[in-house]
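Here's the structure we're looking at; comments come further down.
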Amino acid sequence: MDFKQDLILAGRLADAAGAVIRPAFRSEFAQERKADRSPVTEVDRGAEAAMRAILESERSDDGIIGEEYGTRNENAGRQWVLDPIDGTISFMAGRPIFGTLIALMQDGWPVLGVIDQPISGERWVGQIGGGTTLNGLPVRTASCRALDDAKLATSSPHYFGAEQADAYMKVAGAVGGNERQGMIVYGGDCYNYGLLASGHLDIICESGLQIYDYAALVPVVEGAGGTMSDWQGNPLDADSAGKDGADVLALGDPARLDDVLEAMG
């Protein structure tokens with residue numbers, strides 16, 4: 001598929017969101033809690049509104065799935081999936097490791113994705129079958145010979161339920177060789193997936209992700225040579241989140257997927 005015009009549009013969406021986010025970073029802004037107790041700020045809402053305005057004007061037949069303002073044209077074959085600030089807590093804490101996520105899904109499958117960090121000026125753009133770039137230059141994931149040689153990341157262990165935490169700790173133990181603390185980092189949200197696409201991380205393990213959390217990540221990671229799946233090894237699509245969110249794995253070296261799944265039990 002030729003996504004040239006879609007890629008240009010996705011870049012404009014990221015620019016529009018960044019224009020809202022940058023002036024507010026480490027500044028004052030209104031904030032509150034959603035029904036699920038997760039935080040949201042006026043900046044999240046303003047950034048999504050800016051992106052939606054462009055799509056509604058220029059791609060009126062396409063659907064939109066946004067974290068803050070919901071779904072439009074839900075039966076459209078082409079769906080733009082928007083997370084204006086993935087990592088709102090990091091944004092509120094003044095940590096520039098959040099990002100704006102933009103995805104295009106075709107018939108339920110993510111085909112194009114953008115991870116934009118508007119403070120550092122880093123933008124990963126990936127498309128299925130078309131490679132991944134960071135600020136216009138190609139990037140590739142790293143090879144990883146074994147789990148005990150891997151760098152593992154997760155946003156927070158507090159996102160795991162008891163059973164999921166047990167599975168995660170088995171992976172963490174395998175990364176640490178079951179003898180020491182392995183090379184493990186916490187925090188980062190979507191920024192971790194950009195680092196994995198660029199070859200700096202090897203494994204990311206997450207739980208409870210919604211479609212707007214993971215749709216953009218799949219083309220970025222897989223375009224760079226990595227793989228993403230649920231915890232059973234199935235590819236991620238529009239239905240992966242289900243009722244409770246998706247349990248997600250990202251690996252820079254697809255050869256390690258079976259090792260991770262075996263470690264999880």
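Keep in mind that what you see is a predicted model, and the values were worked out from it rather than measured.
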Rounded distance [0.5 Å steps], [atom1] in [X] versus [atom2] in [Y]:
{"X": "Leu209", "Y": "Leu217", "atom1": "CG", "atom2": "CG", "value": "7.5 Å"}
{"X": "Thr227", "Y": "Arg256", "atom1": "OG1", "atom2": "CZ", "value": "13.0 Å"}
{"X": "Asp116", "Y": "Asn135", "atom1": "CG", "atom2": "CG", "value": "8.5 Å"}
{"X": "Ile119", "Y": "Ile21", "atom1": "CD1", "atom2": "CD1", "value": "7.5 Å"}
{"X": "Leu7", "Y": "Ile102", "atom1": "CG", "atom2": "CD1", "value": "11.0 Å"}
{"X": "Asp86", "Y": "Ile97", "atom1": "CG", "atom2": "CD1", "value": "10.5 Å"}

Might you work through the side-chain contact (heavy atoms from CB on, under 4.5 Å) test for Asp202 and Asp149, ending with a clear yes or no?
CA-CA 9 Å; Asp202 299 300; Asp149 196 39; over 6 Å; no
Is there a continuous path of hydrophobic side-chain contacts, each under 4.5 Å between heavy atoms, that joins [X] to [Y]?
{"X": "Tyr168", "Y": "Leu251", "answer": "yes"}
{"X": "Ile128", "Y": "Leu249", "answer": "no"}
{"X": "Ile203", "Y": "Ile184", "answer": "yes"}
{"X": "Phe3", "Y": "Ile64", "answer": "yes"}
{"X": "Met228", "Y": "Ile211", "answer": "yes"}

Would you find a donor on one side and an acceptor on the other, under 3.5 Å apart, between the side chain of [X] and the backbone of [Y]?
{"X": "Ser90", "Y": "Arg95", "result": "no"}
{"X": "Glu206", "Y": "Ser155", "result": "yes"}
{"X": "Ser229", "Y": "Pro235", "result": "no"}
{"X": "Glu42", "Y": "Ala30", "result": "yes"}
{"X": "Trp124", "Y": "Gly194", "result": "yes"}
{"X": "Ser198", "Y": "His200", "result": "no"}
{"X": "Asn73", "Y": "Asp62", "result": "yes"}
{"X": "Asp230", "Y": "Ser240", "result": "no"}
{"X": "Asp253", "Y": "Cys144", "result": "yes"}
{"X": "Asp237", "Y": "Asp239", "result": "yes"}

Take atom [atom1] of [X] as the centre, draw a 6.0 Å sphere, and report whether it contains more than 12 heavy atoms from other residues, nucleotides or ligands.
{"X": "Glu58", "atom1": "CD", "result": "yes"}
{"X": "Asp61", "atom1": "CG", "result": "no"}
{"X": "Glu262", "atom1": "CD", "result": "no"}
{"X": "Ile89", "atom1": "CD1", "result": "no"}

Residue of the set Val40, Asp83, Thr41, Asp189 for which side chain to side chain contact (heavy atoms under 4.5 Å, CB included) holds with Thr88:
Thr41
Can you tell if the side chain of [X] reaches within under 4.5 Å of the side chain of [Y], non-hydrogen atoms only?
{"X": "Leu82", "Y": "Leu55", "result": "yes"}
{"X": "Met264", "Y": "Cys205", "result": "yes"}
{"X": "Val248", "Y": "Tyr193", "result": "yes"}
{"X": "Glu122", "Y": "Tyr191", "result": "yes"}
{"X": "Pro39", "Y": "Gln31", "result": "no"}
{"X": "Pro96", "Y": "Arg26", "result": "yes"}
{"X": "Thr132", "Y": "Thr141", "result": "no"}

Taking all non-hydrogen atoms of both residues, which atom of [X] and which atom of [Y] are closest, and how far apart?
{"X": "Leu201", "Y": "Asn192", "answer": "CD1-O, 3.6 Å"}
{"X": "Arg52", "Y": "Arg72", "answer": "NH2-CB, 4.0 Å"}
{"X": "Ile85", "Y": "Glu67", "answer": "O-OE1, 4.5 Å"}
{"X": "Leu196", "Y": "Ala250", "answer": "CD1-O, 3.7 Å"}
{"X": "Leu101", "Y": "Cys190", "answer": "CD2-CB, 3.6 Å"}
{"X": "Pro254", "Y": "Gly252", "answer": "CD-O, 3.5 Å"}

Could you walk me through whether Ser207 and Asp247 pass side-chain hydrogen bond (donor to acceptor under 3.5 Å, both in side chains), step by step?
CA-CA 4 Å; Ser207 178; Asp247 297 331; 2.8 Å; yes
With sequence neighbours left out, what residues match Tyr159 under ring-ring contact (aromatic ring centres under 6.0 Å, His included)?
none
I would like to know whether Trp80 and Tyr212 meet ring-ring contact (aromatic ring centres under 6.0 Å, His included); could you show each step before the answer?
CA-CA 9 Å; Trp80 293 90; Tyr212 43 76; over 10 Å; no
Can Met105 and Ile65 be said to form a side-chain contact (heavy atoms from CB on, under 4.5 Å), step by step?
CA-CA 10 Å; Met105 292 196 308; Ile65 301 171; 4.1 Å; yes
Residues Asp15 and Arg123 bridged, charged N to O under 4.0 Å:
yes
Salt-bridge criterion met for Arg59 and Asp6 (N-O under 4.0 Å)
yes
Parallel under 30°, tilted from 30 to 60°, perpendicular over 60°: which one fits the rings of Phe91 and Phe98?
perpendicular
Stepwise side-chain contact (heavy atoms from CB on, under 4.5 Å) check, Glu68 with Lys34:
CA-CA 10 Å; Glu68 308 307 336; Lys34 301 181 190 178; 3.2 Å; yes
Side-chain cluster (under 4.5 Å, hydrophobic types only) that Tyr69 belongs to, other residues
none
Go through it in stages, so that I can follow the logic: the residues are Lys151 and Val185, the test is side-chain contact (heavy atoms from CB on, under 4.5 Å), and I'd like the CA-CA distance, side-chain angles, deciding distance and then a yes or no.
CA-CA 8 Å; Lys151 295 183 286 293; Val185 295; over 6 Å; no
